[in-house]
Amino acid sequence: MDTIMKGRLGYNLLEKELLKREWDLYTPVLENTKIDCIAIKGDVLLRMQIKTLQSSKNGKALPVRKINHNQGEYKVHFYNKSEIDYFIGVDLETEDLYLVPIEFSMKYKSSISVNTLAPFKNNFSQLEPHSRNIMSGCDDIGEPLTGNTEGM
């Protein structure tokens, strides 16, 4: 299976899980950006880089850098907080997703083993918006807008 097909399958797995959790998803127009997917829910916007896990003699690992081989030129790019918020590691065999904050991944130079990523395995709760309601003790804060908003 080629890299493009693996990437598409990885995106589809992430898309399925985020849509089930009511996130709005957006993809960049161009393929050569640092961001593979943008997810928005409430006032939270997340920029994600999706990578399929790589297998080696030491087990599976999430690559946390981008290597370009272009016209004989070899470039390595390390992602940072100004580019993405999360790496999404996709295990195509098990369909597990590892949602790894960029702050955590920046401690590693090339890849992170799945054993190290255990706390991030299918941990979608860390993405969820947190309530910022300063009136959390008061139930009488107004009515939500629902259904029939015509005639307002």
Side-chain angles (χ1 to χ4, degrees), residues 1-56 59-68 76-108 110-136 138-139 141-152:
M1 183 180 325
D2 71 8
T3 306
I4 293 171
M5 189 178 294
K6 286 180 185 179
R8 175 50 61 191
L9 289 171
Y11 179 83
N12 288 347
L13 287 170
L14 176 64
E15 180 181 54
K16 173 185 143 193
E17 292 302 321
L18 290 177
L19 288 174
K20 283 190 330 190
R21 290 166 174 80
E22 300 180 358
W23 285 84
D24 294 327
L25 301 179
Y26 303 88
T27 55
V29 173
L30 301 175
E31 297 268 337
N32 62 347
T33 66
K34 307 292 187 280
I35 301 167
D36 290 329
C37 176
I38 295 172
I40 299 175
K41 189 179 208 181
D43 62 352
V44 175
L45 181 146
L46 300 175
R47 301 162 299 159
M48 301 176 179
Q49 172 60 226
I50 305 166
K51 300 277 190 190
T52 54
L53 297 185
Q54 297 177 342
S55 295
S56 70
K60 295 178 183 176
L62 169 65
V64 291
R65 64 183 180 178
K66 181 177 185 175
I67 300 175
N68 286 332
V76 177
H77 176 77
F78 299 97
Y79 295 88
N80 62 57
K81 289 188 251 185
S82 70
E83 298 169 329
I84 64 170
D85 301 304
Y86 281 86
F87 272 107
I88 308 300
V90 181
D91 188 332
L92 292 176
E93 291 174 16
T94 64
E95 298 190 0
D96 287 317
L97 297 168
Y98 296 83
L99 304 118
V100 183
I102 186 67
E103 292 85 1
F104 180 84
S105 66
M106 288 175 61
K107 300 173 193 171
Y108 297 85
S110 63
S111 63
I112 311 169
S113 78
V114 290
N115 295 334
T116 304
L117 296 174
F120 306 108
K121 182 178 176 180
N122 300 315
N123 185 354
F124 288 91
S125 63
Q126 70 177 324
L127 305 180
E128 290 299 321
H130 300 287
S131 175
R132 290 177 179 79
N133 182 1
I134 59 171
M135 299 180 69
S136 59
C138 175
D139 288 343
I141 58 173
E143 293 180 42
L145 291 176
T146 58
N148 184 9
T149 56
E150 292 183 55
M152 293 181 105

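Atom CD of E103 sits in a crowded spot, with more than 12 heavy atoms from other residues, nucleotides or ligands closer than 6.0 Å. Residue M5 qualifies as open at atom CE: its count of foreign heavy atoms under 6.0 Å is 12 or below. Within a 6.0 Å sphere centred on NZ of K81, heavy atoms belonging to other residues, nucleotides or ligands number 12 at most. Annotation for E95: atom CD does not count as buried by contact number, only 12 or fewer foreign heavy atoms lying within 6.0 Å.
Remark: side-chain polar atoms of D85 are paired, donor with acceptor, to backbone N or O of R47 under 3.5 angstrom. Of the possible polar contacts, one joining the Q126 side chain to the L99 backbone as a donor-acceptor pair under 3.5 Å is found.
Considering CD of Q49 and CG of D36, their distance stands at 4.0 Å, rounded to 0.5 Å. The distance from atom CG of L117 to atom CG of L97, rounded to the nearest 0.5 Å, is 12.0 Å. The CD1 atom of I50 sits 7.0 Å away from the CD1 atom of I88 when rounded to the nearest 0.5 Å. Taken to the nearest 0.5 Å, the CD1 atom of I102 stands 9.0 Å off from the OH atom of Y79. Summarising the geometry, atom CG belonging to D91 is positioned 7.5 Å from atom OG belonging to S55; distances are rounded to the nearest 0.5 Å. If you take CG on N123 and OH on Y98, they are separated by 12.0 Å, rounding to the nearest 0.5 Å.
Every residue two or more places apart in sequence or in another chain that forms a ring pair (Phe, Tyr, Trp, His ring centres under 6.0 Å) with F120 is listed here: F104. For the salt bridge (Lys or Arg N to Asp or Glu O under 4.0 Å) test, residues two or more places apart in sequence or in another chain that qualify with K41 are E128. Residues that satisfy the side-chain contact (heavy atoms from CB on, under 4.5 Å) test with V64, not counting sequence neighbours, are L62, F87, S105, Y108, I112. Under the ring pair (Phe, Tyr, Trp, His ring centres under 6.0 Å) criterion, Y86 pairs with no residue at all, not counting sequence neighbours. With sequence neighbours excluded, the residues forming a salt bridge (Lys or Arg N to Asp or Glu O under 4.0 Å) with E17 are K20, R21, listed by chain and number.
Closest non-hydrogen pair, P129 versus D43, comes out as CB-OD1, 4.5 Å. In this structure, V90 and G10 approach most closely via the heavy-atom pair CG1-CA, 3.7 Å. Between T33 and I35, the shortest heavy-atom contact is OG1-O, 2.7 Å. Looking at every heavy atom in both residues, P63 comes nearest to K51 through O-CG, 3.7 Å. Residue P28 comes nearest to C37 through the heavy atom pair CD-N, 4.4 Å, listed as atom of the first residue, atom of the second, then distance.
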Using the rule given for side chain to side chain contact (heavy atoms under 4.5 Å, CB included), can you reason through T116 versus K107, listing the C-alpha separation, both sets of side-chain angles and the distance that settles it, and then say yes or no? CA-CA 12 Å; T116 304; K107 300 173 193 171; over 6 Å; no
With side chain to side chain contact (heavy atoms under 4.5 Å, CB included) as the test, would you mind laying out the steps for L25 and L19 before giving the verdict? CA-CA 8 Å; L25 301 179; L19 288 174; 3.9 Å; yes
Just do the side chain to side chain contact (heavy atoms under 4.5 Å, CB included) check on L53 and V114 with the steps written out, would you? CA-CA 8 Å; L53 297 185; V114 290; 3.4 Å; yes
Would K60 and D96 count as a side chain to side chain contact (heavy atoms under 4.5 Å, CB included) here? Give the steps. CA-CA 12 Å; K60 295 178 183 176; D96 287 317; over 6 Å; no
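Side chains of T52 and T3 form no contact here, defined as non-hydrogen atoms less than 4.5 Å apart.
If you check the side chains of S113 and N115, you find no donor sitting under 3.5 Å from an acceptor.
For the salt bridge (Lys or Arg N to Asp or Glu O under 4.0 Å) condition, no pair includes a residue of residues 1-16, sequence neighbours left out.
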